[in-house]
Protein chains: 2
Amino acid sequence: MNKQDMRVLKTKSSLQQALLTLLKTIPLEKIKITEICREANINRGTFYLHYTTVEDVFHDFFQEVILDLQTSYDEPYKYTIPFEIAKINPKSIQIFHHIKRHQSFYEIVFSKNTNKSYYYMLFDQIRLNVGRDYKPNQISDVSKEYIVGYQANAIIGLVIVWYENGFNETPEEMSRKLHKIVRALHTIDSP
Amino acid sequence: MNKQDMRVLKTKSSLQQALLTLLKTIPLEKIKITEICREANINRGTFYLHYTTVEDVFHDFFQEVILDLQTSYDEPYKYTIPFEIAKINPKSIQIFHHIKRHQSFYEIVFSKNTNKSYYYMLFDQIRLNVGRDYKPNQISDVSKEYIVGYQANAIIGLVIVWYENGFNETPEEMSRKLHKIVRALHTIDSP
DNA sequence: CTTATTAATGAACAGATGTTCAATAACTAA
DNA sequence: TTAGTTATTGAACATCTGTTCATTAATAAG
């Protein structure tokens, strides 16, 4: 399975293209290996040479989406160093633009029928970035990883509600919400 | 399919018991319908009379777990009304005790290979309770559902990190962490 | 206890999965 | 261009899925 081999590249891209075609009419979890192979004109035995499940093929795509997420997240850093989410211009929170851009992918990510691997890929990437903003000893006796996990999944919670509402709000509106919540949690109700 | 019929009850409980037995050695997503039926001495055709997938059987169990979650969540309310998470005694945050009690279930819930339906059941239940603590106009221009989604999923974020660490910390320690984070987010960094 | 109802069974089916194999075709490096 | 490597193919296999059906057995209600 030489990755340079043109035959391998061709086979993989045929399968990926076939998956995209099928995804327009069939939900991911209902797509059979047999069906992808039929659509791609690839022998079923060949499929198992490269992938083991239909989701494996989807995984390849998702890598690119995650790359775009990182680019989006890096955006505001270009202008604000150090990064403090509570003080930044909400317009520069680009994650919601990224999600809206890949809406059809994220509908799969948040669908209750697909497994959690894509959710965790998203979670990990956001944790990476939230961790970058972390200031040591922010909260005494609570380790960084828990605070980061808390904050990263909170953002995803916002996105899940957005997803449940059919992604109706604009990305700008969502950025504003996040900005307001984070600011509020830092300012209201102080003793 | 009369739900009163003893035969139905017997069949269902046989299948449920068989699932529990198999779960001790095989992960949920690898358990085949054929295997449950073999273990339960139930005809495969009968299985389809009551369930459609292996996960359907698991679902029945999970209902009971969610019930226990609600009971745990209700605990502190008995003593503190109105409920304010930032001011409550961390010992009375019972959710982590609940999860530790059902650790083997939650290992399935958070496994990256199972689908998101159990995650969402947990999320919904926590949202229900976070929503109960909600004070109107907490954050202007951000609707309740988004704030609740944010906070509920944040708590789950904490649990995911706990899960990743093999549930090593005690429930008391986790309650303390949540308490500290919530308090900190309400008190530090105020202008 | 009897009877009408209905759940469970076993058998059968087409289709999908996961895997293996020798034969063939396509590719790379020389 | 050629020779050697290796990906792809098609065929075959056992197993699992999803569904249907007449037959049998268990149950609830009178």
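This structure is a prediction, so every number in the text was calculated from the model and none was measured. A note on names: the letters A, B, ... follow the listed sequences, proteins ahead of strands, and every chain is numbered from 1.
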### Task
Please check the phosphate of C:dG18 (OP1 and OP2 only) for any side-chain N or O of A:Y48 closer than 4.0 Å.
yes
Less than 3.5 Å apart, which donor and acceptor atoms pair up between the side chains of residues 102-112 of chain B and the rest of the protein, not counting sequence neighbours?
from: B:H102; atom 1: NE2; to: B:D68; atom 2: OD2; distance (Å): 3.0
from: B:Q103; atom 1: OE1; to: B:K100; atom 2: NZ; distance (Å): 3.4
from: B:Q103; atom 1: NE2; to: B:E107; atom 2: OE2; distance (Å): 3.1
from: B:Y106; atom 1: OH; to: B:H98; atom 2: NE2; distance (Å): 2.7
from: B:S111; atom 1: OG; to: B:N113; atom 2: N; distance (Å): 3.1

### Query
Given atom CD of B:E35 and atom P of D:dT17, what is their separation to the nearest angstrom?
9 Å
### Task
Could you tell me whether the phosphate oxygens of C:dA8, OP1 or OP2, come under 4.0 Å of any side-chain nitrogen or oxygen in B:T11?
yes
### Task
State plainly whether the residues B:E145 and A:K177 are in salt-bridge range, i.e. N to O under 4.0 Å.
no
### Message
Please compare B:V54 and B:K10 by the position of their nearest nucleotide in DNA chain D and report the one closer to 5'.
### Response
B:V54
### Task
Please state how far atom CD in B:E29 lies from atom P in D:dC16, giving the value in whole angstrom units.
17 Å
### Query
Any donor-acceptor pair under 3.5 Å joining the side chain of A:R44 to the base of C:dG18?
yes
### Message
Do the side chains of A:R132 and A:D74 get close enough for a salt bridge, i.e. N-O under 4.0 angstrom?
### Response
yes
### Query
With a 3.5 Å cut-off and just heavy-atom distances, do the side chain of B:R7 and the base of C:dA8 make a donor-acceptor pair?
no
### Task
Figure out the OH/C1' separation between A:Y51 and D:dT8, and round it to whole Å.
15 Å
### Query
Between A:N41 (CG) and C:dA25 (C1'), how many Å, whole number?
16 Å
### Message
Under a 3.5 Å threshold, yes or no: a donor from one side chain and an acceptor from the other, between A:Y146 and B:E169?
### Response
yes
### Query
Below 4.0 angstrom, N of the basic side chain to O of the carboxylate: do B:R176 and B:E172 qualify?
no
### Query
Between A:E55 (CD) and C:dT17 (C1'), how many Å, whole number?
16 Å
### Query
Is there a side-chain polar atom (N or O) of B:H50 under 4.0 Å from OP1 or OP2 of C:dA8?
yes
### Query
Pick the nucleotide of DNA chain C nearest each of A:T34 and B:T46; which residue has the one closer to the 5' end?
B:T46
#### Entry: Whole angstrom value for the distance that separates C1' of D:dT9 from CD1 of A:I42
10 Å
### Message
Rounded to whole Å, please give me the gap between CG in A:L49 and C1' in C:dT19.
### Response
11 Å
### Value in whole Å for how far the P atom of C:dG18 lies from NZ of B:K30
11 Å
### Query
Which residue lies toward the 5' end of DNA chain D, B:G45 or A:N43, if each is placed at its nearest nucleotide?
A:N43
